[in-house]
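Remarks on the structure that follows.
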Amino acid sequence: MKFKNSLDDKILDPEIFHLNPKKSDTDWFKKIIRFVPSSLSWFGAYLLKAFPLDMSQYNRMLASTRVPQPGKDKLVTYEDSRHILVIHNGNYYTVDVINETGAIRPASEILLNLQAIVLDDSTHAQYPVAVLTSEDRDPWTSARQELETVMTNTEPLKMIDSALFVLCLDEGEPESPEQVTKVFLHGDGTNR
């Protein structure tokens, strides 16, 4: 959430690839380059072999989703999002992590919410929606449109789409690199 605030306030330091970090990754360079107009700063960075990386997609890292459309997904960003989505046993929960004034909720409060989710004795979801997202785009588009026709699904789908990010709380502990890879990519399909 601190990263989100830095991103929103436009105070993130630019990501820079340094070919000669002894010259360009120094406090001296950072102080000097700050005062050079942006139209010329690239020249100074180039001379010292410091190449700014493209950060234009950073505003799509949080509270963004791809909504399936026939033939092409639609990228949607929700700038006013204040919650995360937690998936546990195929069930979906939202946790507000930013309060109404824009302040980050205390870590202890967020932890209590996460503990309550883990302790929730709800059974595994009988029809986990996450499995549908593994389909090819057009079948997933049709399934999502079918879900959206039922009025009771509209708000939950918006809460899923508008989450800052998704936190998957899985059971078990993977041990081998193959198991870790499977968990990161798709798990059993119900929690992704």
Side-chain angles (χ1 to χ4, degrees), residues 1-9 12 57-69 72-174 179-192:
M1 295 305 91
K2 289 178 183 177
F3 177 82
K4 180 192 181 321
N5 286 347
S6 298
L7 185 61
D8 290 347
D9 295 340
L12 279 180
Q57 290 299 313
Y58 273 40
N59 63 344
R60 300 277 191 191
M61 287 178 67
L62 301 167
S64 288
T65 191
R66 289 182 357 211
V67 177
Q69 303 286 307
K72 183 179 179 182
D73 292 341
K74 177 181 174 185
L75 190 58
V76 181
T77 301
Y78 298 85
E79 294 180 14
D80 58 343
S81 181
R82 298 190 327 247
H83 69 280
I84 63 171
L85 180 72
V86 180
I87 307 176
H88 181 64
N89 292 334
N91 296 303
Y92 291 66
Y93 306 83
T94 59
V95 176
D96 286 338
V97 291
I98 299 174
N99 68 20
E100 299 75 24
T101 64
I104 300 169
R105 292 193 183 274
S108 58
E109 182 180 326
I110 296 170
L111 178 61
L112 283 173
N113 284 299
L114 295 177
Q115 288 172 332
I117 290 169
V118 170
L119 295 174
D120 184 4
D121 61 358
S122 296
T123 59
H124 288 270
Q126 186 175 0
Y127 303 107
V129 175
V131 173
L132 296 173
T133 66
S134 65
E135 261 297 354
D136 290 332
R137 176 188 300 108
D138 290 342
W140 166 219
T141 300
S142 298
R144 182 181 168 108
Q145 289 171 345
E146 187 72 26
L147 282 172
E148 290 173 337
T149 61
V150 179
M151 292 303 289
T152 57
N153 291 333
T154 305
E155 190 59 30
L157 283 172
K158 183 177 180 196
M159 293 301 288
I160 292 169
D161 290 342
S162 64
L164 289 164
F165 61 88
V166 176
L167 175 63
C168 302
L169 299 178
D170 295 324
E171 302 284 330
E173 296 179 24
Q179 291 172 334
V180 171
T181 301
K182 179 182 175 187
V183 167
F184 278 133
L185 291 176
H186 53 77
D188 65 2
T190 62
N191 267 12
R192 299 291 182 274

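Heavy-atom basis, side chains included; hydrogens, waters and symmetry copies ignored. If you're wondering where the values come from, they're calculated on a predicted model, not measured in any experiment.
Environment of CZ in F3: crowded, with over 12 heavy atoms of neighbouring residues, nucleotides or ligands closer than 6.0 Å. By the 6.0 Å contact criterion, CD on E79 is open, its count of non-hydrogen atoms from other residues, nucleotides or ligands being 12 or less.
Counting all heavy atoms, side chain and backbone alike, V180 lies closest to P174 at N-CB, 3.7 Å. Pairing each heavy atom of L164 with each of S81, the nearest pair is N-OG, 3.6 Å. Heavy atoms only, all atoms of each residue included: A125 and N91 are closest at CB-OD1, 3.7 Å.
For D73, the salt bridge (charged side-chain N to carboxylate O under 4.0 Å, His left out) partners two or more places apart in sequence, or in a different chain, are R66, R137. Under the side-chain hydrogen bond (donor to acceptor under 3.5 Å, both in side chains) criterion, T101 pairs with N99, not counting sequence neighbours. D8 is linked by a salt bridge (charged side-chain N to carboxylate O under 4.0 Å, His left out) to K4, counting only residues two or more places apart in sequence or in another chain. Residues forming a side chain to side chain contact (heavy atoms under 4.5 Å, CB included) with A130 (at least two apart in sequence, or on another chain): Y92. For E109, the salt bridge (charged side-chain N to carboxylate O under 4.0 Å, His left out) partners are R105, not counting sequence neighbours. In this structure, the salt bridge (charged side-chain N to carboxylate O under 4.0 Å, His left out) partners of E148, at least two apart in sequence or on a different chain, are R144. Looking at residues two or more places apart in sequence or on another chain, you find a side chain to side chain contact (heavy atoms under 4.5 Å, CB included) between M159 and H83, T94, E155. Listed by chain and number, the residues in a side-chain hydrogen bond (donor to acceptor under 3.5 Å, both in side chains) with S64 are T77 (sequence neighbours excluded). Remark: E173 engages no residue in a side chain to side chain contact (heavy atoms under 4.5 Å, CB included) (not counting sequence neighbours). Residues that satisfy the side chain to side chain contact (heavy atoms under 4.5 Å, CB included) test with V118, not counting sequence neighbours, are L169. Annotation: side-chain hydrogen bond (donor to acceptor under 3.5 Å, both in side chains) contacts of D188 (sequence neighbours excluded): T190.
L147 has its side chain within reach of L132: a pair of non-hydrogen atoms, C-beta onward, lies under 4.5 Å apart. Using a 4.5 Å cut-off on side-chain heavy atoms (C-beta onward), T149 and Q145 make no contact. Side-chain atoms of V67 and Q69, non-hydrogen and from C-beta on, do get closer than 4.5 Å to each other. A heavy-atom distance below 4.5 Å is not found between the side chains of V129 and I160.
Summarising the geometry, atom CG belonging to L157 is positioned 9.5 Å from atom OG1 belonging to T152; distances are rounded to the nearest 0.5 Å. Summarising the geometry, atom CG belonging to D96 is positioned 13.5 Å from atom CD1 belonging to I104; distances are rounded to the nearest 0.5 Å. Rounding to the nearest 0.5 Å gives a distance of 11.5 Å between CG of L114 and OH of Y93. Taking NZ from K158 and OG1 from T154, the interatomic distance works out to 10.5 Å, rounded to the nearest 0.5 Å. Atoms CG and OG1, on D161 and T65 in that order, are 4.5 Å from each other to the nearest 0.5 Å. How far CD1 of I84 is from OG of S162: 12.5 Å, rounded to the nearest 0.5 Å.
The salt bridge (charged side-chain N to carboxylate O under 4.0 Å, His left out) contacts involving residues 117-135 comprise nothing, where partners must be two or more places apart or lie in separate chains.
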